[in-house]
2 protein chains.
Amino acid sequence: MIFVTFSIILHKSKLKSMSSESRCENCIIRQFNSLRAMSKEELKQVSDSKTSKSYKRGEAIFEEGEKLNGVFCVRDGVSKLSKLSSNGKDQIVKLATKGEVMGQRCVIAEETSNLSAVAVNDMELCFIPKEVIINTLHKNPDFTFEVLRLMAHDLREADDVIVNISQKTVKQRIAEAFLYLKSNYGEDADGYLVLTLSREDIANVVGTATESCIRIISEFKKKGLLKSSGKKLGILDEKKLRELAEGF
Amino acid sequence: MIFVTFSIILHKSKLKSMSSESRCENCIIRQFNSLRAMSKEELKQVSDSKTSKSYKRGEAIFEEGEKLNGVFCVRDGVSKLSKLSSNGKDQIVKLATKGEVMGQRCVIAEETSNLSAVAVNDMELCFIPKEVIINTLHKNPDFTFEVLRLMAHDLREADDVIVNISQKTVKQRIAEAFLYLKSNYGEDADGYLVLTLSREDIANVVGTATESCIRIISEFKKKGLLKSSGKKLGILDEKKLRELAEGF
DNA sequence: TCGAAAAGGTGACAAATATCATATATATTT
DNA sequence: AAATATATATGATATTTGTCACCTTTTCGA
């Protein structure tokens, strides 16, 4: 009997301490996405209905064609959102990072996902059931507007990607990809990019064959634009890389 | 006295008949875009503040980098939305047709336009000042949600474009472009596409050189997939064209 | 309706990129 | 630590696509 009581207390205190970290109301990540426009009340609803999930590197989060019953809020790690083309190659359309919400489009448009999501490194996600999202979308115009604002931004970025892919050479796009990786994920103390992507992933981001990608990275290393150490890659000459990307 | 009364009646009836055509409340076009989620009151506001504009083929509606003070609702005609790449070529990102609203993103994100819009054929547009739109966005969740839904759809389409451009050959993309033109704009009684684009425009849609585009269209004509009469082009063998686009 | 300008068309060639084959290095499993 | 799988690397070659030059046809304004 004593044991039982003790166990309950332990359980409760564990729950409490978890909650102050894991409650949406206290989550800092939220500041970077549309959830910041939610009211205290709405956030409580989200928090009560959400579940946390961990994914190992390489694990699938959802698949193309799958029906999503909610959205995923990225707490940690990076996910690649890609689409399979008819010739069997994956095209990475977007990298989703800490703070971003995945799967919104499916929930909003009530369609199956047009993309699949795979963890690039180990990830922590919160899964929020769609009912809460849709409910808030219909009740809180500020939230809806915030989602809209972010989606407008995504669409603008998509336009840029279209223009880049169709008008720039593979070399330019790869140079650009490295500048993107640096400015979005930064570099460590030794000047290596924090986010390490495989050559294949980089190829799938810029839309080229893996071999072509490897070849160009080798060339960049020979020319002193990039350095490598193990799997890690680092930028040595950002200025030249930028000039290359712009087409000089 | 009798004459005056009569004239007033005539005038009123004339106004009435004009308004029933040009008032947003009665506009059928609206059914195809986000404005259908507006209330009677909101539509009146829009109607009172909107201005109608005509554009001739080839005329610019707005330019890349321009700040838009409102949105354009397409009543008739087609507009190409394009972006200039650093190498000096235009990439057409979208064709906007009857019922679609252009310039929403700029108004929502309060940014300058990332695209420029040019009339492909003669156009009739309604210009709606941004104040009315923003006002409604903040007050009417249904409207905001509707805009969001349509933007989610646009984003999905943009993803598809990215995958197509980066993974399919020019020939496949041109085949696809013709299928798109047929399914979206239809064909006339003689089997010619209703929307006639120049070879250069088609090249800018699929992201290739004008010469390559011309060459492939010639090839398609020789192979009996397309026919032409003057500027008009028509699809002769949709099945083969579809197979080609899919990569068989 | 004439003449310039724009659009459409084609050949020759160069450049970019993909593909295939094969080798080596690195990571992972047992 | 050996065995296996996976990622990276590189050469040879084929294919695709772009570029330049030039020509013909159509369009459109004076």
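Lettering follows sequence order; numbering is per chain, from 1.
When the nearest nucleotides of DNA chain C are assigned to A:Glu211 and B:Glu200 by heavy-atom distance, the more 5′-ward of the two goes with B:Glu200. Nearest-nucleotide assignment on DNA chain D puts the 5′-proximal partner with A:Leu197, out of A:Leu197 and B:Ala209.
A salt bridge between A:Glu246 and A:Arg242 is absent, with no side-chain N of the basic residue lying under 4.0 Å from a carboxylate O of the acidic one. Contact check on A:Lys227 versus A:Asp190 returns no salt bridge, with no Lys/Arg side-chain nitrogen under 4.0 Å from an Asp/Glu carboxylate oxygen. Between A:Lys94 and A:Asp154 there is a salt bridge, since a side-chain N of the basic residue sits under 4.0 Å from a carboxylate O of the acidic one.
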Handout entry: Worked check of side-chain hydrogen bond (donor to acceptor under 3.5 Å, both in side chains) between A:Thr210 and A:Glu200
Key = CA-CA 5 Å; A:Thr210 308; A:Glu200 192 181 359; 4.9 Å; no

- Item | side-chain hydrogen bond (donor to acceptor under 3.5 Å, both in side chains) between A:Thr112 and A:Lys67, intermediate numbers included | CA-CA 4 Å; A:Thr112 58; A:Lys67 194 168 160 265; over 6 Å; no

task = Please assess A:Ser218 against A:Ile214 for the test side-chain contact (heavy atoms from CB on, under 4.5 Å), listing each intermediate value before the final yes or no.
result = CA-CA 6 Å; A:Ser218 300; A:Ile214 289 173; 4.3 Å; yes

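For C:dA7, the OP1/OP2 oxygens have no side-chain nitrogen or oxygen of B:Thr210 closer than 4.0 Å. Checking the phosphate oxygens (OP1, OP2) of D:dC28, a side-chain nitrogen or oxygen of B:Arg57 falls inside 4.0 Å.
Distance CD1 (B:Ile214) to P (C:dA6): 15 Å, rounded to an integer number of Å. Atom CZ in A:Arg199 sits about 15 Å away from atom P in C:dA25, given to the nearest Å. Atom CG of A:Leu244 is separated from atom C1' of C:dA16 by 14 Å (rounded to the nearest Å).
Residues of residues 164-182 of chain B having a heavy atom closer than 4.0 Å to DNA chain C: none are found. Contacts with DNA chain C (heavy atom under 4.0 Å) in residues 215-235 of chain A: A:Arg215, A:Lys231, listed by number.
Looking at A:Asn204, its side chain never comes within 3.5 Å of a backbone N or O of A:Gln91 through a donor-acceptor pair.
Residues B:Phe220 and B:Phe178 keep their aromatic ring centres 6.0 Å or farther apart.
Of the candidate nucleotides D:dA9, D:dG18, C:dG8, D:dG18 has the atom lying nearest to any side-chain atom of B:Ser212.
When each of A:Leu195, A:Leu193, A:Leu197 is checked for a side chain to side chain contact (heavy atoms under 4.5 Å, CB included) with A:Tyr185, only A:Leu195 meets the rule.
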